[in-house]
> 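Take a look at this one; I'll ask things after.
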Amino acid sequence: MPIGSESGAGLAPDPVPEYAAWRKGVAGVLAKVRRVDAAELPAEPEHLLDENTYDGLTIAPLYTRRDELPEQPLPGAFPYVRGGDATRDPQRGWFVGAFVGSADAASTNRAILTGLENGGSALSLGIGAHGVPVTQIATALSGVLFELAPLTLVAGAEVAAGAEQVFEVLDGYPLDDRAAIRVGLGAAPLTSAFAGADDIGIEQAVELARRAIARPESVRAITVDGTAFHDAGAADAQELGASIAAGLAYLRALTTAGVDIADAFGQLEFRYAATDDQFATIVKFRAARRLWARVAQVCGAPGFGAAPQHAVTSAAMMTQRDPWVNLLRTTLAAFGAGVGGADSVTVAPFDSALPAGELGVSQSFSDRMARNIQLLLLEESRLGHVQDPAAGSWYVESLTDELAAKAWEFMQEIESAGGYPAALDSGLLAARIAETAAARAADIAHRKTAVTGVNEFPNLAEAPLSEQARAEVSPARYGSAFEALRNRSDAYLAAQGARPKALIVALGPVAEHNARTIFTANVLASGGIESVNPGPLAVDAIAAAAADSGARIAVLCGADKRYAEQAGAAVEALRGAGIDTVLLAGPEKSVEQYSGTQRPDGYLTLRIDAVAVLSQLLEKVGA
């Protein structure tokens with residue numbers, strides 16, 4: 001890639017002549033930070049700032065006209081990257097969805113009507129094991145205006161029985177324009193099989209689709225649920241690629257059973273996870289439409305490639321600890337999904353990772369907050385007034401292109417293995433996603449990836465969780481390993497009346513130890529260990545501070561130069577005061593001159609496996 005200074009004879013002029021100056025500035029900053037001469041850096045030093053996603057995509061630090069791609073067709077036109085509907089109502093934007101479902105049909109009905117009367121415009125109804133008894137669906141749906149609020153069932157293995165009840169309700173619903181009624185039955189046998197969830201079989205799903213095709217309403221029987229892959233740890237391209245492969249399997253099953261290809265496409269809709277990485281979410285929904293449009297094109301039905309997309313805020317990103325931060329996470333996720341062109345968005349309540357009532361707030365409050373997040377984006381920020389507002393962004397367009405290619409590559413890998421059912425049965429799909437989940441878990445454990453309120457900036461002052469909440473640790477949540485440590489701390493607090501403690505021994509003036517003191521307290525708190533910080537200590541005052549603290553763990557915090565002068569004596573003083581474990585905030589090389597009892601027992605650095613270290617510390621104190 002030429003830079004501005006390289007334009008000349010035989011070379012096209014650089015479309016961004018300022019790029020060379022920017023590159024030189026980057027080199028200067030990097031040279032200063034790395035304490036090297038700029039000449040020692042690579043020829044394109046800006047690539048040292050590249051970031052790589054779990055899919056292997058590269059995120060550049062700057063996108064310019066050099067990255068420009070041909071403009072995509074308008075919404076409603078193949079390949080539907082910019083949206084599947086050319087006439088979407090700008091006053092409505094996307095549909096504001098919510099999941100509703102309890103065993104009591106009357107209370108479910110009240111919740112449904114309250115939500116629809118206060119800004120909701122779509123609903124997902126849990127039935128059977130997921131909510132309302134099948135025989136009481138009519139009661140739960142009483143008063144719903146179906147032509148205004150699309151309905152989706154969450155029914156698992158009872159979807160066929162639930163569909164029968166819904167059809168009976170619709171048969172008695174007076175409306176001339178029956179096609180205006182949109183219903184998703186939610187049968188998802190292939191993705192449910194991956195997740196280990198109960199569902200109907202593929203043959204039953206095909207028969208359900210036949211019934212849906214015969215209905216006068218706009219009924220789609222099958223949901224390709226990409227959240228099953230996301231919740232297992234899949235990266236975005238894996239979620240999309242696996243979803244497209246599952247969609248292909250459904251198309252084959254339908255057409256093999258004699259369903260026309262156009263009708264088969266009309267029976268599928270997609271559900272994807274929206275995360276707090278707003279640009280990644282925007283790109284995901286745009287790329288997903290391109291992928292499915294390509295499938296439709298190959299199948300000879302390009303005009304039927306704009307399947308509805310339902311966005312659900314990621315369950316994996318939610319936290320039990322400092323759960324109010326989830327309000328911010330779901331706001332970003334809803335923003336990304338809406339800007340990315342999702343047809344409907346469901347925001348999970350901020351306390352959805354906790355048992356009902358754990359925070360002392362009502363379900364109606366949590367539901368209202370989730371609903372109002374979307375209403376703020378639509379009514380105040382007016383995001384729905386413009387379709388695909390990210391179009392033309394060099395960054396968004398480039399990443400959309402790259403993500404679509406990577407997802408298509410993953411779909412082809414699944415197809416090469418014999419198709420989705422074969423990849424599922426062989427374990428290939430699970431193994432590939434498990435690799436990504438393990439890589440992400442390692443990054444979180446090493447605090448390379450931040451989960452605010454969990455492994456970064458935890459709040460030890462928040463109320464301990466109940467035993468019921470502590471028993472509901474989900475390995476799918478990104479912060480679950482740290483939350484398990486916090487659970488051990490809560491149990492220790494309940495048994496001992498105090499949390500596990502660690503003494504922070506600050507050496508030298510504040511300017512020397514402050515950064516490491518803050519870092520240490522943050523790391524310890526992420527494991528539920530309370531810091532006791534008496535302030536800067538002279539070596540001869542350490543023993544008394546250790547005795548006063550009641551701690552069995554201590555961490556030295558100071559500058560490397562100070563360690564060279566005082567760390568050995570400080571460690572001996574702590575051991576003499578009965579401290580069992582002495583750690584040092586910093587690298588081992590800073591105390592390499594010490595040996596024996598003057599050597600710390602371990603080191604806290606920026607990239608330690610914090611989960612492993614904190615677990616060992618909790619074990620040492622009996623937590």
Side-chain angles (χ1 to χ4, degrees), residues 52-57 59 72 79-84 188 190-191 194-195 222-251 265 268-275 277-298 305-317 333 336-337 339-343 345 388 390 396-417 419-420 423-424 428-430 432-437 440:
N52 295 314
T53 72
Y54 291 110
D55 288 311
L57 303 182
I59 309 298
Q72 291 291 331
Y80 310 108
V81 173
R82 302 197 60 196
L190 296 181
T191 49
F194 174 82
I222 297 171
T223 296
V224 182
D225 189 3
T227 66
F229 311 117
H230 172 83
D231 291 346
D236 289 342
Q238 291 176 326
E239 180 184 352
L240 296 185
S243 297
I244 298 304
L248 271 169
Y250 284 126
L251 289 178
F265 273 100
L268 271 62
E269 59 184 2
F270 289 80
R271 181 183 298 136
Y272 296 116
T275 73
D277 187 333
Q278 62 182 20
F279 284 107
T281 297
I282 292 169
V283 165
K284 178 194 288 187
F285 285 86
R286 299 175 91 248
R289 289 192 293 274
R290 172 184 286 183
L291 292 164
W292 193 238
R294 175 58 176 157
V295 170
Q297 182 186 45
V298 172
Q309 292 179 325
H310 179 198
V312 179
T313 55
S314 166
M317 74 177 179
V339 170
D343 297 287
V345 179
D388 195 24
V396 170
E397 297 290 7
S398 295
L399 198 57
T400 298
D401 195 58
E402 292 169 11
L403 180 62
K406 183 63 70 171
W408 190 262
E409 180 182 308
F410 188 58
M411 181 273 291
Q412 289 179 313
E413 180 182 350
I414 294 171
E415 287 291 288
S416 297
Y420 181 92
L424 180 65
L428 168 70
L429 188 55
R432 294 281 277 106
I433 291 174
E435 290 173 5
T436 302
R440 182 186 292 105

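These numbers were taken from a predicted model, which means no experiment stands behind them.
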> Who pairs with E413 by salt bridge (charged side-chain N to carboxylate O under 4.0 Å, His left out), at least two apart in sequence or on another chain?
R432
> Output all residues satisfying salt bridge (charged side-chain N to carboxylate O under 4.0 Å, His left out) with D225, sequence neighbours left out; order by chain, then residue number.
R271
> Given side chains that start at C-beta, do those of R82 and R289 come closer than 4.5 Å, heavy atoms only?
no
> Identify the heavy atoms of A232 and A437 that sit nearest to each other, and give their distance.
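Of all heavy-atom pairs spanning A232 and A437, the closest is O-CB, 3.6 Å.
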> Restricting to non-hydrogen atoms, name the atom on A333 and the atom on M317 that form the minimum distance, rounded to 0.1 Å.
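The pair with the smallest heavy-atom distance is CB-CE, 3.9 Å.
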> Sequence neighbours left out, what passes side-chain hydrogen bond (donor to acceptor under 3.5 Å, both in side chains) with E415? Give chain and number order.
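side-chain hydrogen bond (donor to acceptor under 3.5 Å, both in side chains) list for E415, sorted by chain: R252.
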> Mind checking salt bridge (charged side-chain N to carboxylate O under 4.0 Å, His left out) for E269 and listing every partner two or more places apart, or none if nothing turns up?
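With neighbours one apart ignored, the set is empty.
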> Distance from S416 atom OG to M411 atom CE, nearest 0.5 Å?
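Interatomic distance, S416 OG to M411 CE, rounded to 0.5 Å: 9.5 Å.
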> Which atom names give the shortest non-hydrogen contact between D231 and A316, and what distance separates them?
OD1-N, 4.1 Å
> What is the minimum heavy-atom distance between F285 and A273, and which atoms define it?
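It is CE1-O, 4.2 Å.
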> The criterion is side chain to side chain contact (heavy atoms under 4.5 Å, CB included); which residues satisfy it with R440, sequence neighbours excluded?
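Checked R440 against side chain to side chain contact (heavy atoms under 4.5 Å, CB included); matches are Y54, T436, I444, Y478.
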> Which residues pass the side-chain hydrogen bond (donor to acceptor under 3.5 Å, both in side chains) test with Q297, not counting sequence neighbours?
R294
> Within the distance-only criterion (no hydrogens, no angle test), does the side chain of T281 pair as donor or acceptor with the backbone N or O of T275 below 3.5 angstrom?
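It does hold such a pair.
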> Excluding sequence neighbours, so at least two apart, what forms side chain to side chain contact (heavy atoms under 4.5 Å, CB included) with A280?
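With neighbours one apart ignored, the set is D236, D277.
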> What is the distance from atom OG1 of T191 to atom CD of E239, rounded to the nearest 0.5 Å?
11.0 Å
> Applying side chain to side chain contact (heavy atoms under 4.5 Å, CB included), can you list everything that pairs with A288, at least two apart in sequence or on another chain?
L240, Y272, Q309
> Nearest 0.5 angstrom please: I414 CD1 to E409 CD, how far?
11.5 Å
> Counting only N and O atoms by type, is there a donor-acceptor contact under 3.5 Å from the side chain of Y420 to the main-chain atoms of L190?
yes
> For the residue pair H230 and S314, what are the closest heavy atoms and their distance?
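For H230 and S314, the tightest heavy-atom pair comes out as NE2-OG, 2.7 Å.
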> At what distance, to the nearest 0.5 angstrom, does NZ of K284 lie from CG of L291?
12.5 Å
> Would you check if F279 and I59 make a side-chain contact, meaning some heavy-atom pair closer than 4.5 Å?
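Result no, sub-4.5 Å side-chain heavy-atom pair not found.
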> So which atom in I433 and which in G233 form the shortest heavy-atom distance, rounded to 0.1 Å?
CG2-C, 3.9 Å
> Do T223 and Y250 have side-chain heavy atoms sitting under 4.5 Å apart?
no
> Can you list the residues that meet the ring pair (Phe, Tyr, Trp, His ring centres under 6.0 Å) rule with F265, with sequence neighbours excluded?
W292
> What residues, two or more places apart in sequence or in another chain, satisfy side-chain hydrogen bond (donor to acceptor under 3.5 Å, both in side chains) together with R290?
D401
> Restricting to ring pair (Phe, Tyr, Trp, His ring centres under 6.0 Å), what partner residues turn up for F410, sequence neighbours left out?
none
> Only counting residues at least two apart or in another chain, list the ones meeting side chain to side chain contact (heavy atoms under 4.5 Å, CB included) with L57.
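For L57, the residues satisfying side chain to side chain contact (heavy atoms under 4.5 Å, CB included) (neighbours in sequence not counted) are T53, D55, L399, E402, L403, K406.
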